[in-house]
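Residues: numbered from 1 along the sequence shown. Counting convention: from 1, in listed order, for ligands and their atoms alike.
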Amino acid sequence: MKFTKLQGLGNDFIVVGGEERLPEHAAELAVRLCDRNFGIGADGLVFVLPSDIADYTMRIINADGSEAEQCGNAIRCVAKYVYDNALVDRNRTELTIETKGAGAQPVQLTLGDDGRVVQVRVDMGEPVLEGRLVPTTIDGNPVKDYPIEAEGRQFRFTAVSMGNPHCVIFVDDAAEFDLHTWGPKLETHPYFPRRANVEFVTVRSRSHAEMRVWERGAGPTLACGTGACATLVAAVLAGQTERTATVSLKGGDLLIEWNERNNRIYMTGPAEIVFTGEVPGNVLAKAGAR
Ligand SMILES: N[C@H](CCC[C@H](N)C(=O)O)C(=O)O
């Protein structure tokens with residue numbers, strides 16, 4: 001099985017094209033191939049599949065084998081993958097990528113001098129503050145600055161769905177916060193029936209926030225695109241930033257805009273191909289794949 005390894009701000013993915021549908025062993029494959037010792041190593045395994053409503057469909061499987069509804073850094077990587085590999089008409093720098101959580105998402109490509117994608121602006125759709133995915137309404141109230149307890153420690157969080165669930169918590173110093181202790185405890189908190197991505201945020205100015213993330217199904221990653229979108233939404237709701245701000249992650253910066261006119265979130269950031277390769281049949285067999 002041929003693959004391409006890509007990364008967006010150090011959030012890294014194994015991207016596989018050429019399949020007609022999601023392989024039945026996708027979860028086992030993700031666990032095996034994302035392993036950083038026994039596999040290729042990545043935060044997730046991404047399949048690029050045909051779509052009836054967009055140029056391509058992206059299916060993202062976390063390193064623990066769970067499928068996510070959406071993934072911001074991966075969608076930028078998929079946009080680069082399909083364009084650089086001429087899987088779309090190369091006269092087009094505006095494409096659409098279908099995701100489980102947000103339908104057909106428009107992406108705008110920025111090309112470098114070599115004619116390859118260097119940056120992608122993604123229409124991430126509207127944030128969801130109410131409803132099904134993440135209980136952003138508890139006792140009928142939108143979950144904004146809401147108390148949550150984990151092993152005797154009290155936090156206050158804002159729940160935002162970007163197609164996938166996010167729990168955003170403001171702390172004094174995100175870069176120094178004990179992510180490894182509190183991230184997993186909050187990821188699996190009973191408030192989140194499908195678990196949640198957990199973002200710890202420090203607002204630095206009206207146009208700049210710093211964020212560290214514990215991702216559902218992947219743990220501490222260097223960057224989370226949907227998490228950066230959720231961070232901006234929570235910071236605007238808290239009156240702490242403007243609707244356009246830079247979110248600084250451990251792996252780098254994303255520009256996030258929450259458009260007041262259409263309520264949609266736009267995320268702009270890089271995507272890079274690291275290497276290509278092929279998984280031999282004996283490794284695939286260990287993951288139960290044919
Ligand atoms: N772990 C996430 C999926 C990847 C999201 C993140 N890598 C991004 O860039 O948005 C989830 O289970 O919802």
Novice: Taking only residues two or more places apart in sequence, or in another chain, which ones meet R121 in a salt bridge (Lys or Arg N to Asp or Glu O under 4.0 Å)?
Specialist: E257
Novice: How far apart are the closest heavy atoms of G44 and C34, and which atoms are they?
Specialist: C-SG, 3.5 Å
Novice: Using the salt bridge (charged side-chain N to carboxylate O under 4.0 Å, His left out) rule, collect all pairs that involve residues 6-16, keeping only residues at least two apart or in two chains.
Specialist: K5-D12, D12-R36
Novice: Charged N to carboxylate O under 4.0 angstrom, R59 versus E69?
Specialist: no
Novice: Answer yes or no: is there an ion pair linking R153 with D178, defined by an N-O contact shorter than 4.0 Å?
Specialist: no
Novice: Could you pull out all residues at least two apart from W214 that satisfy ring pair (Phe, Tyr, Trp, His ring centres under 6.0 Å)?
Specialist: H180
Novice: Could you please provide the protein residues found below 4.0 Å of ligand 1 on a heavy-atom basis, arranged by chain and number?
Specialist: N11, N62, A68, Q70, C71, G72, N73, N164, N197, E215, R216, C224, G225, T226
